[in-house]
Amino acid sequence: MKNSQIASILRELANYLEIEGENPFKIRAYKKAARVVESLGEEIEQMVKNREDLTKLPSIGKEIAAKIEEIVKTGRLQKLEELKRKIPPSLVELLSLEGLGAKKIKALYENLNITNYEELKEAALSHKIRELPGFGPKIEEKILKGLKLLKQEGFRFLYIEVEEVAKELKEYIKSFSLVDRVEVAGSFRRAKESIADLDIVVSTNSPKEVIDYFLEFKAIEEIIVAGETKGRVVLDNKLQVDLRAIKPLHFGAALHYFTGSQSHVVAIRQLALDMGLKINEYGVFKGEKIVASKSEDEVYGALNLAYIEPELRENRGEIEAAKSNRLPILIEQDDLRGDLHMHTIYSDGANSIEEMALAAKEMGYEYIAISDHYSTIALLKGLNPKKILKEFEEIDRLNSKLNISILKSLEVDILEDGSLAASDEILKRADIVVAAVHTKLRLSKKEQTKRVVRALLNRYVNILAHPMNRLIRKRDSIDIDFKEIFKVAKDNNIFLEINSQPTRLDLNDILAKEAKEMGVRFAISSDAHNIKELEFIKYGINQARRGWIEKKDVLNTLPLEELLEAIKR
DNA sequence: GCCGTTTTCGGCCCGACTGTTTTCAGTCG
């Protein structure tokens, strides 16, 4: 049972309790615990097997620990089953409608016996809902609208899918004369791999005018909120955008609040309370007096904390690190001197070696590695012994001609038994070897771990590409003992890839952080299949930063000579 | 339900907006 599955059961329980009218703080406790479980590097299932004490985890006490153990051991939760018998599951689904919370849903159920979307729609159309106390015609309208817009539960956009519109919105708002500053905050600013909605913070002395201007943006399909300082819309691609207009004096505090994450902000506010201060989106207050608000620097400073980069704000230890000045100095794109994973027309890429090299040179790189597929799958149009020797010869020729160093490499398939698709004879001719799993993704954890470990023990392998083999929104990670892989990587001088393809971003943030803590080092690579995709490297940098990765942790920040020295094993 | 160098009981982040009511509850992030 995966951590994410355990988390979703806890969350489901919280939803049922909410409908039941349970103590709101109890509900929050379950949701908080779900978040902790979800963002845990370690696997809960393993911890339970090892009889570790789950109450050592933050926000998990005796009750929830027992429930988690029940879930892991039996695959279900008695308490949840009971609630499901009592409350129709279709009723809980109604929570996903905008504007309908537990209290209203309960009232609809008790008074009109509404249990699902269909009955809700009927009641709204026949105007039965407006007659209930606390309800009215506007709510009927909102329900009907909501049913039409009905969001897929938990749907998130890829970062790359919102990047363009985020930029457009920022420029659109910036061009308004009454606007002082604009930032896209929220999970976008924290550079999460996927984004549920955009949060924009605007500094202005004329909030209302800015909101009105915002509501004129061309791609708006639906206006949900139109207040004095706050607007919320849904764009025609179904992306929700929130905008908050705030006076310049308060901009830093507001930016901090709207950048989140929620649990980072809550923890920061709690810390402030402990210090006798109070924080809201307008500033840090000592009594009635504002002591910090203009910049985020000020806000952190007021709490005696070093500035925390947005990518770190997940309440995963960054506040403690800031207290004791142990924050990492996060890697930046400019730190990279080369790119160690890309494809050409020798396999499934679209450009020649020379075109890739020239484009890389253009980006300021000193070296690249050409790592075409060496595979037994015909689909990947992979290399064979003859073809790769030809490719290496071409690289030799180009190296004497171009003003960038091209390393001979290959992305060699790890076969089911952990052997490699290319012979050692081939591998030893390469300057650097990237190994990857592409097939047999559903092996048991034990088999998968054994397989990859064997591959890493091959003395010619240097980098393990996309270790999770997940595709965001499409395919989960392979089932593998990452701790074991990290240990073997560390012991054998294997570098773990942070793959920059927007659907991969693999390793992810949590595992990268865990690997780093174990002393493993990384290669941040584009895995480009054409010259344009070389730019994807920025997404890999994002993910690496979220994983607390520093320049010194990354192989391709080294000058070529040092790199070649560093990969020796 | 969780948590605790002021606490094992009594707190729990905090404010905007909406729609319903005529001062506020519910919802949301």
Side-chain angles (χ1 to χ4, degrees), chain A residues 10 13-14 17-36 54-68 79 94-108 129-143 145-146 151 185-187 195-201 207-208 211 215 223-233 240-246 250 253-254 256-285 299 303 315:
Chain A
L10 292 175
L13 179 62
L17 293 175
E18 208 169 345
I19 301 279
E20 268 236 305
E22 254 293 0
N23 172 5
F25 294 106
K26 187 193 272 193
I27 293 157
R28 196 185 300 172
Y30 277 108
K31 289 185 177 171
K32 211 167 159 187
R35 264 210 306 274
V36 168
L54 299 179
T55 65
K56 292 250 160 59
L57 297 170
S59 305
I60 292 178
K62 248 175 88 183
E63 278 299 312
I64 295 186
K67 292 209 166 57
I68 291 174
K79 174 87 183 165
L94 301 183
L95 280 169
S96 66
L97 280 167
E98 169 86 32
L100 274 197
K103 294 263 171 63
K104 286 213 171 76
I105 289 172
K106 201 175 177 197
L108 290 167
I129 291 176
R130 63 178 65 184
E131 276 148 35
L132 295 181
F135 289 78
K138 287 273 179 68
I139 288 178
E140 277 179 356
E141 222 173 281
K142 203 168 183 174
I143 285 170
K145 255 187 204 165
K151 274 194 280 187
S187 52
I195 307 283
D197 50 32
L198 287 181
D199 297 284
I200 302 178
V201 187
K208 185 76 181 84
I211 298 298
L215 298 178
I223 295 174
I224 312 257
V225 171
E228 297 288 313
T229 68
K230 189 170 162 176
R232 172 174 305 149
V233 303
Q240 181 177 304
V241 183
D242 289 358
L243 183 140
R244 187 66 182 273
I246 205 118
H250 305 298
H256 179 258
Y257 172 60
F258 289 106
T259 295
S261 66
Q262 196 193 357
S263 60
H264 173 86
V265 169
V266 168
I268 288 285
R269 287 186 174 183
Q270 189 56 53
L271 178 65
L273 287 175
D274 296 344
M275 296 170 68
L277 301 167
K278 188 189 98 161
I279 300 189
N280 56 29
E281 63 257 53
Y282 297 104
V284 182
F285 293 81
V299 171
L303 304 178
N315 199 20

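Throughout, protein chains are lettered first and strands after them, A, B, ... in sequence-line order, and every chain is numbered starting at 1.
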For [X], which contact category applies under a 4.0 Å heavy-atom criterion: base, sugar-phosphate, or nothing?
{"X": "A/K62", "answer": "sugar-phosphate"}
{"X": "A/P58", "answer": "sugar-phosphate"}
{"X": "A/I27", "answer": "nothing"}
{"X": "A/A33", "answer": "nothing"}
{"X": "A/A272", "answer": "nothing"}
{"X": "A/P137", "answer": "sugar-phosphate"}

Which nucleotide in the list [options] gets nearest to the side chain of [X]?
{"X": "A/K103", "options": "B/dT18, B/dC13, B/dG26", "value": "B/dG26"}
{"X": "A/A29", "options": "B/dG1, B/dG26, B/dC17", "value": "B/dG1"}
{"X": "A/V266", "options": "B/dC28, B/dC13, B/dG19", "value": "B/dC13"}
{"X": "A/Q240", "options": "B/dG19, B/dG29, B/dT18", "value": "B/dG29"}
{"X": "A/E98", "options": "B/dC17, B/dC28, B/dT20", "value": "B/dC28"}

At a cut-off of 3.5 Å, list every protein nitrogen or oxygen paired with a nitrogen or oxygen from nucleotides 5-9 of chain B, distance to 0.1 Å.
none

Sequence-distant partners of A/Y282, ring-ring contact (aromatic ring centres under 6.0 Å, His included), two or more places apart: A/H250
Using the [atom1] atom on both, measure [N] against [M] and round to a whole Å.
{"N": "B/dG11", "M": "B/dT6", "atom1": "C1'", "value": "14 Å"}
{"N": "B/dG26", "M": "B/dT20", "atom1": "C1'", "value": "10 Å"}
{"N": "B/dT7", "M": "B/dC12", "atom1": "C1'", "value": "14 Å"}
{"N": "B/dC17", "M": "B/dT21", "atom1": "C1'", "value": "15 Å"}
{"N": "B/dT8", "M": "B/dG1", "atom1": "C1'", "value": "14 Å"}
{"N": "B/dC13", "M": "B/dG4", "atom1": "P", "value": "14 Å"}

With side chains defined as the heavy atoms from C-beta onward, is the minimum distance between [X] and [Y] less than 4.5 Å?
{"X": "A/R269", "Y": "A/L273", "answer": "no"}
{"X": "A/V201", "Y": "A/T259", "answer": "no"}
{"X": "A/Y257", "Y": "A/N280", "answer": "no"}

Separation of [N] [atom2] from [X] [atom1] (nearest whole Å):
{"X": "A/L97", "N": "B/dC28", "atom1": "CG", "atom2": "P", "result": "9 Å"}
{"X": "A/D197", "N": "B/dG29", "atom1": "CG", "atom2": "P", "result": "7 Å"}
{"X": "A/Q262", "N": "B/dT27", "atom1": "CD", "atom2": "P", "result": "17 Å"}
{"X": "A/L132", "N": "B/dT20", "atom1": "CG", "atom2": "P", "result": "11 Å"}
{"X": "A/I64", "N": "B/dC3", "atom1": "CD1", "atom2": "C1'", "result": "12 Å"}
{"X": "A/L94", "N": "B/dC28", "atom1": "CG", "atom2": "C1'", "result": "17 Å"}
{"X": "A/R35", "N": "B/dG1", "atom1": "CZ", "atom2": "P", "result": "18 Å"}
{"X": "A/I60", "N": "B/dC3", "atom1": "CD1", "atom2": "P", "result": "8 Å"}

When you look at A/H256 and A/I268, which way does the side-chain contact (heavy atoms from CB on, under 4.5 Å) test go after all the steps? CA-CA 10 Å; A/H256 179 258; A/I268 288 285; 3.9 Å; yes
With sequence neighbours excluded, what pairs up with A/S263 under the side-chain contact (heavy atoms from CB on, under 4.5 Å) test? A/R35, A/S261, A/N315
Mind checking side-chain contact (heavy atoms from CB on, under 4.5 Å) for A/L132 and listing every partner two or more places apart, or none if nothing turns up? A/L108, A/N111, A/L112, A/F135
Along DNA chain B (nearest heavy atom to each residue), the more 5'-positioned of A/E140 and A/D199: A/E140
Want to settle it: does A/P133 or A/K32 sit nearer the 5' end of DNA chain B, counting the closest nucleotide to each? A/K32
Using the test salt bridge (Lys or Arg N to Asp or Glu O under 4.0 Å), find all partners of A/K208 that sit at least two apart in sequence or belong to another chain. A/D212
Contacts of A/E63 meeting salt bridge (Lys or Arg N to Asp or Glu O under 4.0 Å) (sequence neighbours excluded), chain-then-number -> A/K67
According to the salt bridge (charged side-chain N to carboxylate O under 4.0 Å, His left out) rule, which pairs have a member within residues 21-32 of chain A, sequence neighbours left out? A/E18-A/K31, A/E22-A/K26
Interatomic distance, CG@A/L100 vs CD1@A/I143, rounded to 0.5 Å, equals 4.5 Å
Under 3.5 Å on both distances, the Watson-Crick or G-U partner of B/dT8: none
Between the protein and nucleotides 14-16 of chain B, list every N/O to N/O distance that falls short of 3.5 Å.
| unit_1 | atom_1 | unit_2 | atom_2 | d |
| --- | --- | --- | --- | --- |
| B/dC14 | O4' | A/R269 | NH1 | 2.9 |
| B/dG15 | OP1 | A/K278 | NZ | 3.1 |
| B/dG15 | OP1 | A/N280 | ND2 | 2.9 |
| B/dA16 | OP1 | A/Y282 | OH | 2.7 |
| B/dA16 | O3' | A/T229 | OG1 | 3.3 |

Sequence neighbours excluded, every pair satisfying side-chain hydrogen bond (donor to acceptor under 3.5 Å, both in side chains) that has a member inside residues 131-140 of chain A: A/H127-A/E140, A/R130-A/E140
Any N or O donor-acceptor pair under 3.5 Å from the base of B/dG1 to the side chain of A/N23? yes
